[in-house]
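Have a look at the structure below before the remarks.
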Protein chains: 2
Amino acid sequence: MISSIAELIADRVGTMPASERRAAHTLIASYPMIGLKTVAEFSAAAGVSSPTILRFVARLGFQNYPEFQSSLQDELAAQLQSPAIRTLNPPSPGGGTASPMLEATLDNMRETFRHLSDKQLADIAARLADRRGKTFLIGGRFTDPLARYMAAHLAIIQPEVFHLAGQESMWRDRLIDMGKRDVLVIFDIRRYQDSLLRFAEKAHQRGVQIVLFTDQWLSPIARFARHVIAGRTAVPSAWDSSAALFVVAETLIGAVTRQLEAEGAKRIREMEGLR
Amino acid sequence: MISSIAELIADRVGTMPASERRAAHTLIASYPMIGLKTVAEFSAAAGVSSPTILRFVARLGFQNYPEFQSSLQDELAAQLQSPAIRTLNPPSPGGGTASPMLEATLDNMRETFRHLSDKQLADIAARLADRRGKTFLIGGRFTDPLARYMAAHLAIIQPEVFHLAGQESMWRDRLIDMGKRDVLVIFDIRRYQDSLLRFAEKAHQRGVQIVLFTDQWLSPIARFARHVIAGRTAVPSAWDSSAALFVVAETLIGAVTRQLEAEGAKRIREMEGLR
DNA sequence: GGAGCGCTGTATCGTATGTTACGTATTTTG
DNA sequence: CAAAATACGTAACATACGATACAGCGCTCC
């Protein structure tokens, strides 16, 4: 079974004429980067002419050069999706329960944070900590608990934090209270919910700043969002995993708390007193 | 110090107009693959026009699109060369907000699962999948969202799943419906809530099987529980982290789903039909 | 409420890129 | 050793791609 272009080449390099073999070796040597560049660069690197490169990819079974490049890209993408963390983190030599589910979840988190800069998190935290506006949170069918979780914490360290619950008509009416100083945190992963999209659009029209937690395929709400957090959700299960988004949420909660240290601590003490 | 294009984007995304920000988000979401494709494909994926993409890369400081692509390729190449240096997000020497938090969370998960045997998980999953009894879920102040999350999933693959919400008196009255065939899933971490303890005790007296999600110091409910899942919760933050428990919950959801495969799938199909 | 500015998409343009035709060189085979 | 077939590069070609000019629109700021 041949699954990668590299294998394909190894399989057929024997039947190739000299120049094409040079092309093959050049490609393998810095696989697959050279293949992503132009025919001219590829040919120069291999020390052959451009037509030779084209004949080379034709022999591999591709109709044209762009098709060949697309294949390489797809391969790369697949490789990047499921990072070779397993090779890095050996499968816990010891008692390694290492359920595939856990491994996938840990990978998802690493991947999610890899695409997430400190700067971005800091920006969002600053926005959430901004006391001039209100904060609203809402989520979809499975993600609403995440919104609740975040709301439960934020509401303690600052006033004017509202989780939008209940029927659609309920929170739709809350739009009236939202303005451009306010922030709306939305959780929306596949299958994206129309009701949330409609709500986001209306909020966006009112100038509300939207912070979107979504999956790597991006909810359509992304187009209205000021900040987008794309978490990895794929796990070996019938369901998608929201764990990565959960951790991002916790991270943000922590960051906001730190920013509001002074006021927040005072608030918390007051609250304790009220018990 | 900015060393990757992803960071560069994160740094400047705040100063970008809406459409360019969409481009940025689209690129980050499937970083960096889209950037290696043509301007037309990129623009289509982002839902903006080609000039916007070009303005976007120009704003990042590139003279033209090919130069931008070359940079992405170089980055990719470096990354592929030494997979160990996959730390695209350097440990942010200064105000490292994300990393310590993430590291601690990942550690927590590993530790949590290390103390959790497959057998134990399987037992709990079997109990939850047992169709002869009802399933009730409840949580504390911060953990109730976890109960909701779990309930949202379980309720889809089997009937008789109830999340206990609202005021204490509300769910206390539900005790009347609970018997020895039923399961009560409780989430309770520090600071443990008296109301939950009282509720757990009464349920226990009625012969209800209790599955407890708690922290490593064990909620007092543990003495009434049939199964105890002790998750690590410590993170460098003002709050405890429920992420490890969340992942255990997801794992259990997956396990139960697998056990109910046949019936569950049928139920899900029926539900889809009802939409 | 009006003027100005900035953002965004449409349409057009020039060119770099992949492609092909053809002639020369090299190898293979009878 | 001759003749044919294959391999390879040069050069011309067409197209798809990135780049640019411009106009419409919405927004902000007087």
Side-chain angles (χ1 to χ4, degrees), chain A residues 5 9 12-27 32-73 178-182 201-210 222-226, chain B residues 5 9 12-27 32-73:
Chain A
I5 296 179
I9 293 171
R12 304 201 186 170
V13 74
T15 74
M16 292 181 185
S19 289
E20 292 182 32
R21 205 171 308 153
R22 290 186 63 184
H25 289 145
T26 311
L27 175 57
M33 298 317 296
I34 289 280
L36 299 178
K37 301 193 184 286
T38 68
V39 172
E41 285 177 279
F42 191 167
S43 68
V48 299
S49 68
S50 348
T52 298
I53 299 298
L54 296 174
R55 281 188 284 262
F56 164 67
V57 304
R59 192 183 300 269
L60 292 178
F62 297 98
Q63 293 300 318
N64 48 35
Y65 194 71
E67 184 183 303
F68 162 73
Q69 289 189 312
S70 291
S71 284
L72 280 180
Q73 286 186 10
M178 303 188 192
K180 57 184 58 169
R181 325 206 85 124
D182 302 328
E201 180 167 13
K202 298 221 182 67
H204 175 70
Q205 280 164 6
R206 296 185 63 88
V208 177
Q209 305 244 3
I210 295 180
R223 58 174 304 165
F224 304 121
R226 182 62 196 270
Chain B
I5 297 179
I9 292 171
R12 305 201 186 170
V13 74
T15 73
M16 291 181 187
S19 286
E20 294 180 33
R21 207 153 44 214
R22 288 182 64 186
H25 289 146
T26 311
L27 175 58
M33 298 318 295
I34 288 280
L36 299 178
K37 301 196 184 285
T38 66
V39 172
E41 285 177 281
F42 192 166
S43 68
V48 300
S49 69
S50 350
T52 297
I53 299 297
L54 296 174
R55 280 187 285 262
F56 165 67
V57 304
R59 193 183 300 267
L60 292 179
F62 297 98
Q63 292 302 318
N64 49 34
Y65 194 72
E67 184 183 305
F68 162 73
Q69 288 189 313
S70 291
S71 284
L72 281 180
Q73 287 185 9

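Per chain, numbering begins at 1; letters A, B, ... match sequence-line order. These numbers come from the heavy atoms of this one structure, side chains and all, not from hydrogens, waters or symmetry mates.
Reading DNA chain C from its 5' end, the first and the last nucleotide to sit under 4.0 Å from a heavy atom of chain A are C:dT17 to C:dT20.
Side chain of B:Q69 to backbone of B:G35: a donor-acceptor contact under 3.5 angstrom is found. A:T52 places no side-chain N or O within donor-acceptor distance of the main-chain N or O of A:V48, the cut-off being under 3.5 Å. B:R21 contributes a side-chain N or O that, together with a main-chain N or O of B:M16, makes up a donor-acceptor pair within less than 3.5 Å.
Side-chain atoms of B:K37 and A:Q73 form a donor-acceptor pair, as typed in the model, at a separation below 3.5 Å.
Terminal axes of the helix from C:dG1-D:dC30 to C:dG30-D:dC1 (five pairs each, C1' rotation axis) are separated by 30°, to the nearest 10°.
Residue A:T52 is the one, among A:T52 and A:K180, whose nearest nucleotide of DNA chain D lies closer to the 5' end (criterion: closest heavy atom).
A search for salt bridge (Lys or Arg N to Asp or Glu O under 4.0 Å) contacts involving B:R59 returns B:E20, not counting sequence neighbours. For A:R226, there are no salt bridge (Lys or Arg N to Asp or Glu O under 4.0 Å) partners at least two apart in sequence or on another chain.
Atom CG of A:D182 is separated from atom CZ of A:R206 by 9.5 Å, given to the nearest 0.5 angstrom. Atom CZ of B:F62 sits about 9.5 Å away from atom OG of B:S70, to the nearest 0.5 Å. Taking CG of B:L36 as the reference point, atom CD of B:E41 lies at 10.5 Å (rounded to 0.5 Å).
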Protein-nucleotides 19-23 of chain D N/O pairs closer than 3.5 Å?
unit_1: D:dA19; atom_1: OP1; unit_2: B:Y65; atom_2: N; d: 3.2
unit_1: D:dA19; atom_1: OP2; unit_2: B:Y65; atom_2: N; d: 3.3

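Pairing each heavy atom of A:I9 with each of A:F56, the nearest pair is CD1-CZ, 4.0 Å. What you find for B:S43 and B:A40 is that their closest heavy atoms are OG-O, 2.8 Å. The two atoms that bring A:V13 and A:A24 nearest to each other are CG2-CB, 4.0 Å, heavy atoms only.
Within residues 16-26 of chain A, the residues approached by DNA chain D to less than 4.0 Å at the level of any non-hydrogen atom are A:P17, A:A18, A:S19, in residue-number order.
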